[in-house]
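Single-structure report; data block below.
Chain letters run A, B, ... following the sequence lines, proteins first and then strands; every chain starts at 1.
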Number of protein chains: 2
Amino acid sequence: MAKGSLREKKERQEQIVDCLRSEAYWTSQKLCNHLNTSYRTLMRDLAELKEAGVPIESERGRGGGISLVGRWGIRNLHLNNSEVISLLVSLAITESIKSPILVDNVRSIKNRISSAFPIEQQQVISKIRKRILVGNIASENVIRSYSPPRQSVLSDLTDSFFNLNKIEIRYLSSKNEITDRLIEPQMLALEFPVWYFLCWDELRQDARLFRIDRILSTKKTNMTFKIRRSDAFMEGAHELFNNI
Amino acid sequence: MAKGSLREKKERQEQIVDCLRSEAYWTSQKLCNHLNTSYRTLMRDLAELKEAGVPIESERGRGGGISLVGRWGIRNLHLNNSEVISLLVSLAITESIKSPILVDNVRSIKNRISSAFPIEQQQVISKIRKRILVGNIASENVIRSYSPPRQSVLSDLTDSFFNLNKIEIRYLSSKNEITDRLIEPQMLALEFPVWYFLCWDELRQDARLFRIDRILSTKKTNMTFKIRRSDAFMEGAHELFNNI
DNA sequence: TAATATGTGCCACTAATTGGCATATTTGTG
DNA sequence: CACAAATATGCCAATTAGTGGCACATATTA
């Protein structure tokens with residue numbers, strides 16, 4: 001390549017974004033100087049960055065210049081499956097709270113995060129989102145009777161939920177009766193701060209609701225299950241819950 | 001460059017990551033084939049990607065291969081100032097709920113998101129984080145008496161909070177007395193779902209707590225203020241609140 | 001109208017990228 | 001233990017993608 005180019009293209013483009021982030025307004029001259037690069041190359045870089053989706057805005061004419069719209073950027077954030085879900089659930093919770101300080105932003109962030117993933121992953125994420133519901137704060141009664149569930153029970157259940165594995169549970173009903181069940185954890189619902197599993201009960205061949213802290217113990221199985229139509233699990237609860 | 005190279009480096013490296021995300025295991029041969037590139041170039045790309053922080057793992061020897069650790073990736077997510085804060089607040093809220101399904105992930109995501117920003121921004125973010133507190137769910141009394149604040153009041157207050165501008169407010173005290181005050185919104189605290197502003201009250205020259213839905217109206221000013229030591233605003237509340 | 005910005009097409013120069021080859025190095029298997 | 005299958009690396013010649021300079025277009029403001 002031509003004279004004076006020491007760093008490589010990629011690095012230089014990152015520098016440009018960093019510059020634009022650190023100060024609100026730049027002119028191309030100032031940037032050329034700062035980066036020690038030619039005007040022509042700068043303009044090419046800017047064009048490439050814009051094409052790549054970096055929200056760079058430029059104003060022509062006297063008093064014009066170059067600026068970055070979202071001046072805060074996340075680069076290269078690698079998350080695993082359950083971290084993505086946590087992130088989305090977290091935003092959904094915040095949204096459901098209708099906390100005025102945040103609510104405007106939260107929805108758009110949720111969508112932006114979702115669409116920041118590659119398309120194939122978006123479909124997977126979207127499927128999981130449909131299986132998680134967030135409602136209102138639980139009633140005082142429920143909150144008072146709520147106790148945090150055991151960690152092992154919890155991880156078994158979430159595994160089972162994500163991997164679509166049937167699971168055996170020992171459950172303490174609200175009438176204080178202990179029963180053993182084989183269930184398909186179809187959906188998850190949150191009524192602050194209590195989680196419920198909306199399940200298909202194999203033995204009773206019907207939909208059942210299980211409060212997570214009332215599940216006493218679990219036993220994994222290798223049997224898999226398929227997602228059922230959500231209608232059965234929602235029965236008039238549509239107004240109470242929202243998908244994440 | 002040498003034969004058969006149609007796309008550019010950057011694009012090819014993105015393709016590599018996409019491949020690794022779409023399937024759990026690849027061998028270099030398979031990747032070379034798929035990308036129509038030479039082995040040598042592939043290895044160089046992999047090295048570069050690793051250096052750039054992409055969590056690629058490779059196992060040598062028979063049965064070895066190349067894989068991506070976090071197979072879900074966000075690329076190029078551009079957020080503005082308040083969106084970043086919303087995201088972090090949202091995660092903090094989730095964390096404070098101690099919702100067992102998420103709590104393990106949430107803390108690590110929070111940190112990963114924070115550190116995914118350029119260093120200069122990390123400092124700014126960290127300063128704001130110190131000014132936002134999250135406590136427990138408000139008491140039933142408070143929840144019952146809570147009404148969502150007016151949007152205009154809200155946006156004035158958040159502007160004032162982020163830009164460090166003093167602001168005049170008309171406040172309805174818990175004794176139902178209406179007073180006018182000039183305040184510095186130093187900190188924000190959440191007791192689910194109620195937000196409080198921890199402020200320096202100019203006229204009374206003391207720290208005061210304002211419940212957001214009791215602020216009747218606001219009037220912006222151009223006066224700026226400085227962050228004060230948080231001690232005055234916390235007074236024994238340290239155990240009740242956590243920074244986001 | 002002049003001054004000051006960004007945006008673009010063209011072209012020659014060249015250094016950064018590429019691919020091939022040889023060679024380590026690691027690991028599992030018969 | 002020897003062999004096979006994988007990743008990892010150094011070197012070098014070929015070449016192309018990237019660069020910079022120049023001229024010109026276009027937009028905006030004073």
Side-chain N or O of [X] closer than 4.0 Å to phosphate OP1/OP2 of [N]:
{"X": "Lys10(A)", "N": "dT17(C)", "answer": "no"}
{"X": "Ser58(A)", "N": "dG7(C)", "answer": "yes"}
{"X": "Thr37(A)", "N": "dG20(D)", "answer": "yes"}
{"X": "Lys50(B)", "N": "dA8(D)", "answer": "yes"}

Atom pair CD/OG of Gln122(B) and Ser126(B) - distance to nearest 0.5 Å:
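The OG atom of Ser126(B) is 9.0 Å from CD of Gln122(B), to the nearest 0.5 Å.
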To the nearest 0.5 angstrom, please state how far the CG atom of Leu198(B) sits from the CG atom of Leu133(B).
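Here the interatomic distance stands at 6.5 Å.
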Just how far, in rounded Å, is [atom2] of [N] from [atom1] of [X]?
{"X": "Ile56(A)", "N": "dT6(C)", "atom1": "CD1", "atom2": "P", "result": "13 Å"}
{"X": "Leu31(B)", "N": "dA8(D)", "atom1": "CG", "atom2": "C1'", "result": "15 Å"}
{"X": "Trp26(A)", "N": "dA5(C)", "atom1": "CH2", "atom2": "C1'", "result": "17 Å"}
{"X": "Glu48(B)", "N": "dA8(D)", "atom1": "CD", "atom2": "P", "result": "14 Å"}
{"X": "Leu49(A)", "N": "dG18(D)", "atom1": "CG", "atom2": "P", "result": "13 Å"}
{"X": "Gln13(A)", "N": "dG18(D)", "atom1": "CD", "atom2": "C1'", "result": "11 Å"}
{"X": "Lys9(B)", "N": "dT19(D)", "atom1": "NZ", "atom2": "C1'", "result": "15 Å"}
{"X": "Tyr25(B)", "N": "dT7(D)", "atom1": "OH", "atom2": "P", "result": "13 Å"}

Looking at every non-hydrogen atom in both residues, tell me the closest pair between Gln186(B) and Phe161(B) and how far apart they are.
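Looking at all heavy atoms of both residues, the shortest contact is O-CE1, 3.6 Å.
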Please report the closest heavy-atom contact between Lys166(B) and Ser160(B), naming both atoms and the distance.
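For Lys166(B) versus Ser160(B), the nearest heavy atoms are C-OG, 4.5 Å.
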Mind listing the N/O atom pairs, protein and nucleotides 24-30 of chain D, below 3.5 Å?
residue : atom : partner  : partner atom : Å
dT26(D) : O2   : Arg60(A) : NH1          : 3.4
dA27(D) : O4'  : Arg60(A) : NH1          : 2.9
dT28(D) : O2   : Arg62(A) : N            : 3.3
dA30(D) : O4'  : Arg62(A) : NH1          : 3.0

For Tyr171(A), all residues meeting ring-ring contact (aromatic ring centres under 6.0 Å, His included), sequence neighbours excluded:
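For Tyr171(A) the ring-ring contact (aromatic ring centres under 6.0 Å, His included) partners, ignoring immediate neighbours, are Phe210(A).
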Heavy-atom check, side chain of Val89(B) versus side chain of Leu188(B), under 4.5 Å:
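The answer is no; the side chains never approach within 4.5 Å.
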Should Ile215(A) and Pro149(A) count as side-chain neighbours, where that means a heavy-atom distance under 4.5 Å?
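A side-chain contact under 4.5 Å is absent here.
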Mark yes when over 12 heavy atoms from residues, nucleotides or ligands other than [X] sit less than 6.0 Å from its [atom1]; otherwise mark no.
{"X": "Gln29(A)", "atom1": "CD", "value": "no"}
{"X": "Lys219(B)", "atom1": "NZ", "value": "no"}
{"X": "Arg112(B)", "atom1": "CZ", "value": "yes"}

Contacts of type salt bridge (Lys or Arg N to Asp or Glu O under 4.0 Å), residue Arg181(A), not counting sequence neighbours:
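Expected list: Asp201(A).
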Please work out which residues in residues 38-46 of chain A have a non-hydrogen atom less than 4.0 Å from an atom of DNA chain D and list them by number.
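When residues 38-46 of chain A is checked for heavy atoms under 4.0 Å from DNA chain D, the hits, listed by number, are Ser38(A), Arg40(A), Thr41(A), Arg44(A).
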Pair up each side-chain donor or acceptor in residues 40-52 of chain A with any protein partner under 3.5 Å, not counting sequence neighbours, and list the distances.
residue  : atom : partner  : partner atom : Å
Thr41(A) : OG1  : Ser38(A) : OG           : 2.9
Asp45(A) : OD1  : Arg12(A) : NH2          : 3.1
Asp45(A) : OD1  : Gln13(A) : NE2          : 2.9
Asp45(A) : OD2  : Arg12(A) : NE           : 2.5
Asp45(A) : OD2  : Arg12(A) : NH2          : 2.9
Glu48(A) : OE1  : Lys9(A)  : NZ           : 3.2
Glu48(A) : OE1  : Gln13(A) : NE2          : 3.1
Glu48(A) : OE2  : Lys9(A)  : NZ           : 3.3
Lys50(A) : NZ   : Ser58(A) : OG           : 2.8

Note down the inter-axis angle between the two ends of the helix from dT1(C)-dA30(D) to dG30(C)-dC1(D), five pairs each, to the nearest 10°.
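Axis angle across the helix from dT1(C)-dA30(D) to dG30(C)-dC1(D), nearest 10°: 40°.
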